[in-house]
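Letters A, B, ... mirror the listed sequences (proteins, then strands); counts begin at 1. Atoms considered below: every heavy atom in the structure, side chains included; atoms not considered: hydrogens, waters and symmetry mates.
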Amino acid sequence: MRDEELRNLAAACAKCGTCRTVCTLYPERKAEISVARGKIALIDAALSGRDGNLGAIEGALSDCLLCGRCERACPNQVLVEEILMKGRADIAKEIGLPAWKRLLFGKVMPSPGIRAAATAAATAAQRLLAKSIPTGSGLHYRFPEAFGLSGRTLPGFSAKGFIASLAPGEAATGDVMLFVGCVFDHVYPQIGRASYETMKASGKEIAVFRDAACCGLPAMASGDRDSALRCAEENVRRLRAAAPSSVVFPCGSCLVMFRRNLLTLIPETHPLRGDAAWVSGRCIDYASFILDSGVAESLPDPSGSGGDGKIGYHDSCHLSGTLGKGREAREVLRAAAGPAFAEMPGADLCCGYGGAFNVRDYATSSRIGENKVSLAARGGTGVIATACSGCILQMRDMAAHVQPSMRVAHIAELVFASLSRR
Amino acid sequence: MDERAISALREIFGERLKDSLEDRICYSFDATGKEFLPDAVAFPLTAEEVRRTVLLANEFRFPVIPRGAGSGFSGGSLPVRGGVVLSLERMDRILSIDTENLVAVVEPGVVTETLKEEAKKRGLFYPPDPASLKFCTIGGNLAECAGGMCAVKYGVTRDYVLGLEAVLGTGELLRTGVYTVKGVVGYDLTRMLVGSEGTLGIITKATLKLIPLPESAATLLAFFRTNGEGARAVAGIVEERITPCAMEMMDRTAIDCVREIADLPVPGDAGCALLIEVDGPEASVSQEAGRVRAACSRFGATEVRLSTDAAGREKLWELRRSISPAIRRVNPVKINEDIVVPRSRLPVMYDFLSDLAARKNLKIVNFGHAGDGNIHVNIMISGKDEDERRRADDAVEEVFRKTVELGGTISGEHGIGIAKAPFLEMEVGPLGVSVMKRLKDCFDPNGILNPGKIFVSESAARP
């Protein structure tokens, strides 16, 4: 394996050990192989040929939530996320992706048409396999043990996604573009809807980005750079042509892909580089839009609506950590929920989802997530609000394990509820 | 390593024995950046498992290398001759904090900050504060006798150890020391083990002394035009009969690294900065802070900032904390020495260092714990130039000679490991080395524990 750029990125690591203090996974594994400096040592060994077992190294690199804490804590500003994603991509080039990842990322995600068909197929399969679980948590089905997904609760894929539910011509044009994202389109269309309706309250024309490709983060994180690049190219081309003044993201992970990863994926030499920078610079988080467009201050006075201190905010690693947008989301919550919002214990702990990590090691992902939800519940929180699709998938699943009464909501849903009181 | 030895180890540790190449690579390094591959890594949970490992090592003759968090700067936890790395990070329980006798009993894998925090919750204080305190372990601190910023007032790890439990190189489990403030029963085996870098025994339990938590603190940041002024101010503060709990000095080379960082306003003419902290009862803190401020001004400080609240103090500390990460902008490779000279000789040492940098055409960044005479001399090199590397090696040797000549010591808190083994005799002399080796034979007759460390004849790479 050769990659001079990756070698230089990895060489910045001084092996000081600071990453041990913040790693979400380290308390679970208690071994260097789980933390950034161990993984960087492995990448270095692969690059220098000292370790040729790329399959084993791939396994070690995948054992990571990409929560980014190590990168933010690193005194030498080592770009850990970039190193891990590049490392996974280089290895995938040499030995290929694991089959299940290839299926999911290579075929399904870049094209909206294929994605819709895949969702329909998944819905059918799920009906066949599912068992109902009696909770009101929004999680309707459980995959059987035979699926190797023991104990997992999955949301019912809606038969009709948010975008499909729009009337012809509805939300077709507008200066502000809403990037719904796969999960809030297909899995939780009501969140897509709440985002759209609350953004409309600004009085601005909102266009929904109907023919969006997947943001590409799941593919990029898994080392499938080609699929990620295809997603990015499609999105950049279409967004540049639509020329909105801003693109608004209800999901922090989709946003991190556009704000940060787009430009590492589309290098200086790429013909779309200029357009990618143009697009990236216009991408903002949902909360910032709600604040800046005046929606937040137009909400009815939330005091006296009861439930003081019942609503907590969960810091998505991507949104609060990488992008530093935790304050904006909280301001929106304060405007929408007033005294019902209070800081919950462990607000900034990772939910343990990590995308493909959750599929790869559900047991560990669950321990981290269950701890998160239990901690919030013990602190008196009844609703966890956040603004990232992965965190919502994970915490709804975890709440079903340990705290079925816990509601996990997107901040847009709370803004929507507040608007309907107006 | 003998296949039978690996099987026997697997019987002890089961899944907690790792011998895949990937796991071994992850335990081949520490903060020196050097790498030596172990044959296996084991994660013991009990002293008994440690003991059985050392017994096996005597039977099959493989090296055993104890390791805490691998944050050391002298190579103490590097498996330079292969063997089994015993990673003690999973023996991480605080067994008791006795608020009546002010004693904590801990396992070696407890992270230093965790102990400090737990003590603090009870109004108690475990002072040692090495820069890596957020991740380094008590076991590693004991083995290397870690210091830190507050050593000037509170001393180092050694000063807080009452007793130890350790597995010797023979596989015997030794208990040393006391659970009391006093104790003079026979030789001080506790202190023998502290700073022995895992070459005499593997510490499996420690009895530590705690003290009451100081009530309040004040932080001052003073800027001077020259090192000479700064160094004289340090002496002046000592003359005032004040013992600060931190007195950090940054020379021009260090300040230059952080000058451009926007939210750290540094006066344009600053050639030296002193960060001073005093702690204790509120009344005495404000009185001492005033006297420190006056002393700084008297010795030519162009500006003195003072803060007593947590947020303001943290802001002042930022300048000092920003240096370590920022110095890599000077050059990518850092040769990091931690010499100590008697406080009064600091001005001489600083002059020597700036002259040395000019003579050898090297970039040397100096900062450190001026209160105790400890200077972190960082020779920053590109790492790509053979001649530069040779000049740096020469410079290190000159720094050590000068240090010893001034009555100082070549390592204040990092230890000898492999990094300073060639210079051990320069400081302790041939008889010193010989007595140390005789002691080593007594604790570890077969040379099982952490071979290749401290002594130069042992430093050769594995056969």
Side-chain angles (χ1 to χ4, degrees), chain A residues 7-23 25-64 69-79 87 91, chain B residues 15-16 18 20-35 37-38 41-43 45 67-73 77-78 85 87-92 109 111-114 130-137 140 321-329 332-334 336 383-384:
Chain A
R7 186 188 283 269
N8 287 334
L9 287 172
C13 173
K15 308 283 191 296
C16 69
T18 304
C19 44
R20 290 168 63 103
T21 62
V22 292
C23 179
L25 209 49
Y26 178 70
E28 291 288 329
R29 303 284 192 250
K30 282 272 176 183
E32 292 281 356
I33 199 163
S34 79
V35 303
R37 69 170 174 176
K39 290 177 162 66
I40 290 173
L42 290 178
I43 287 176
D44 200 50
L47 288 170
S48 67
R50 277 176 297 133
D51 189 347
N53 189 351
L54 297 184
I57 295 178
E58 196 276 334
L61 298 189
S62 294
D63 194 37
C64 169
R69 279 169 176 72
C70 48
E71 184 174 296
R72 293 190 288 282
C74 178
N76 290 328
Q77 286 104 40
V78 174
L79 299 173
I91 292 175
Chain B
E15 278 295 294
R16 286 182 282 113
K18 305 281 182 191
S20 78
L21 179 56
E22 290 71 38
D23 284 301
R24 289 155 56 210
I25 286 172
C26 288
Y27 285 84
S28 67
F29 56 75
D30 66 1
T32 59
K34 296 189 172 71
E35 289 181 30
L37 209 55
V41 186
F43 298 90
L45 298 178
R67 184 183 195 268
S71 57
F73 279 124
S77 64
L78 293 174
V85 167
S87 181
L88 295 143
E89 62 199 305
R90 298 187 189 179
M91 288 177 70
D92 62 352
V111 169
T112 308
E113 184 175 67
T114 308
S132 54
L133 65 92
K134 285 189 173 160
F135 45 100
C136 63
T137 63
R321 289 197 221 282
S322 303
I323 290 174
S324 285
I327 56 174
R328 274 178 206 274
R329 292 181 199 175
V333 178
K334 174 167 86 169
N336 172 1
K384 289 171 185 149

Name the region of [X], side chain, backbone, both or neither, that has any atom closer than 4.5 Å to a heavy atom of chain A.
X: Arg24(B); value: neither
X: Phe73(B); value: neither
X: Ser87(B); value: neither
X: Tyr27(B); value: side chain
X: Asp92(B); value: side chain

To the nearest 0.5 Å, how far apart are [atom1] in [X] and [atom2] in [Y]?
X: Glu22(B); Y: Ile33(A); atom1: CD; atom2: CD1; result: 6.5 Å
X: Glu35(B); Y: Asp44(A); atom1: CD; atom2: CG; result: 6.5 Å
X: Lys15(A); Y: Ser28(B); atom1: NZ; atom2: OG; result: 8.0 Å
X: Arg50(A); Y: Leu37(B); atom1: CZ; atom2: CG; result: 8.5 Å

- Is it the backbone or the side chain of Ala31(A) that comes under 4.5 Å from a heavy atom of chain B, or both, or neither?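 Looking at Ala31(A), backbone and side chain both touch chain B.
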
- Task: Could you tell me which portion of Ala14(A) (side chain, backbone, both or neither) has an atom closer than 4.5 angstrom to a non-hydrogen atom of chain B?
- Result: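 Both parts, backbone and side chain.
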
- Message: Quick check for you: among Lys39(A), Gln77(A), Arg20(A), which has the greatest number of heavy-atom pairs under 4.5 Å with chain B?
- Response: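 Sorted descending by pairs with chain B, the first entry is Arg20(A).
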
- Message: Looking at every non-hydrogen atom in both residues, tell me the closest pair between Ser71(B) and Cys16(A) and how far apart they are.
- Response: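 Smallest interatomic distance, heavy atoms only, reads CB-O, 3.8 Å.
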
- If you look at every heavy atom in Ala41(A) and Phe29(B), which pair is closest and at what distance?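 Taking every non-hydrogen atom into account, CB-CE2, 3.6 Å.
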
- Task: Carefully, step by step, assess Thr18(A) and Lys134(B) under the rule side-chain contact (heavy atoms from CB on, under 4.5 Å).
- Result: CA-CA 8 Å; Thr18(A) 304; Lys134(B) 285 189 173 160; over 6 Å; no

- Message: Taking Lys18(B) first and then Glu32(A), would you say they form a salt bridge - that is, a charged N and a carboxylate O separated by under 4.0 Å?
- Response: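 A salt bridge is absent here (no side-chain N lies under 4.0 Å from a carboxylate O).
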
- Between Asp51(A) and Ile25(B), does a side-chain contact (heavy atoms from CB on, under 4.5 Å) hold up when you go through it step by step? CA-CA 9 Å; Asp51(A) 189 347; Ile25(B) 286 172; 3.8 Å; yes

